[in-house]
Amino acid sequence: MSLNVLEPQQRFCAIENEQFTLNGHSNSVNAVVVTPNGQQVISASSDYTLKVWNLATGEEQFTLNGHSDSVYAVVVTPNGQQVISASSDYTLKVWNLATGEVIATFTGESSISCCAIAPDGMTIVAGEQSGRVHFLRLQGMSEE
């Protein structure tokens, strides 16, 4: 086994310039995710909302309303059809990205601070402030 040490100039990349800034939340942004097709960005905020942005134009497309406290995590399913959000309101919500509607809600016993989606696109893993890690399965949805 060998270990390659990077030269100093290879360790860091430079950020050349800012393309644009997305403005619209009224409180801190806690998480962002880019959809698999690269066309949208979804931001999760302490203003209790998620916003869906057009990545090419930087324009807000719509707001996902439904949480009653800060939203701390957001992921998108591999097929790009559902958004999953975790909130300190003790809920994890699954949203239809095309319609903006909540299609499922899981309620924990404390704040849900993080979430991930498995490569199968059907298994959600959610971390709760209580120390629990939940494995949830999306039912009745297409994997395509």
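Basis for what follows: all heavy atoms, side chains included, without hydrogens, waters or symmetry-related copies. What you are looking at is a predicted structure, and each value in this text was computed from that prediction instead of being measured.
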Any idea which heavy atoms bring [X] and [Y] closest together, and the distance?
X    : Y    : result
C115 : A86  : SG-CB, 4.1 Å
P78  : G121 : CD-CA, 3.5 Å
S43  : V29  : CB-CG1, 4.1 Å
D89  : S68  : OD2-N, 2.8 Å
H67  : S87  : ND1-CB, 3.1 Å

By side-chain contact (heavy atoms from CB on, under 4.5 Å) - contacts of S28 (at least two apart):
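Only N30, S46 meet the side-chain contact (heavy atoms from CB on, under 4.5 Å) criterion with S28.
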Those residues that, when tested against N65, pass side-chain contact (heavy atoms from CB on, under 4.5 Å) (two or more places apart):
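With neighbours one apart ignored, the set is T49, T63.
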Restricting to ring-ring contact (aromatic ring centres under 6.0 Å, His included), what partner residues turn up for Y90, sequence neighbours left out?
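Not a single residue meets the ring-ring contact (aromatic ring centres under 6.0 Å, His included) criterion with Y90.
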Measure the shortest side-chain to side-chain distance between E128 and S113 over non-hydrogen atoms and say whether it is less than 4.5 angstrom.
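The answer is no; the side chains never approach within 4.5 Å.
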Apply the hydrophobic cluster definition, ILVMFWY joined by side-chain contacts under 4.5 Å directly or through others, and give me every member besides V125.
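Its cluster partners, ordered by chain and number, are V133, F135.
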Does V33 sit in a hydrophobic cluster with other residues, and if so which ones, taking ILVMFWY side chains as linked at heavy-atom separations under 4.5 Å, directly or through other members?
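In the cluster with V33 are I42, L50, V52, F62, L64, V71, V74, V76, V83, W95, L97, V102.
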Sequence neighbours excluded, every pair satisfying ring pair (Phe, Tyr, Trp, His ring centres under 6.0 Å) that has a member inside residues 104-124:
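As it turns out, the ring pair (Phe, Tyr, Trp, His ring centres under 6.0 Å) pairs with a partner in residues 104-124, which skip direct neighbours, are F106-H134.
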For the atom pair [atom1] ([X]) and [atom2] ([Y]), what is the distance rounded to the nearest 0.5 Å?
X    : Y    : atom1 : atom2 : value
E101 : K93  : CD    : NZ    : 13.0 Å
E59  : N54  : CD    : CG    : 6.5 Å
Q129 : S110 : CD    : OG    : 5.5 Å

Using atom types as modelled and distance alone, determine if a side-chain donor or acceptor of T35 lies under 3.5 Å from a backbone N or O of Q40.
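Looks like yes, one N/O pair under 3.5 Å.
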So does Y72 get a backbone contact from the side chain of S70, meaning a donor-acceptor N/O pair under 3.5 Å?
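No, the answer is negative, given that no donor and acceptor are paired below the 3.5 Å cut-off.
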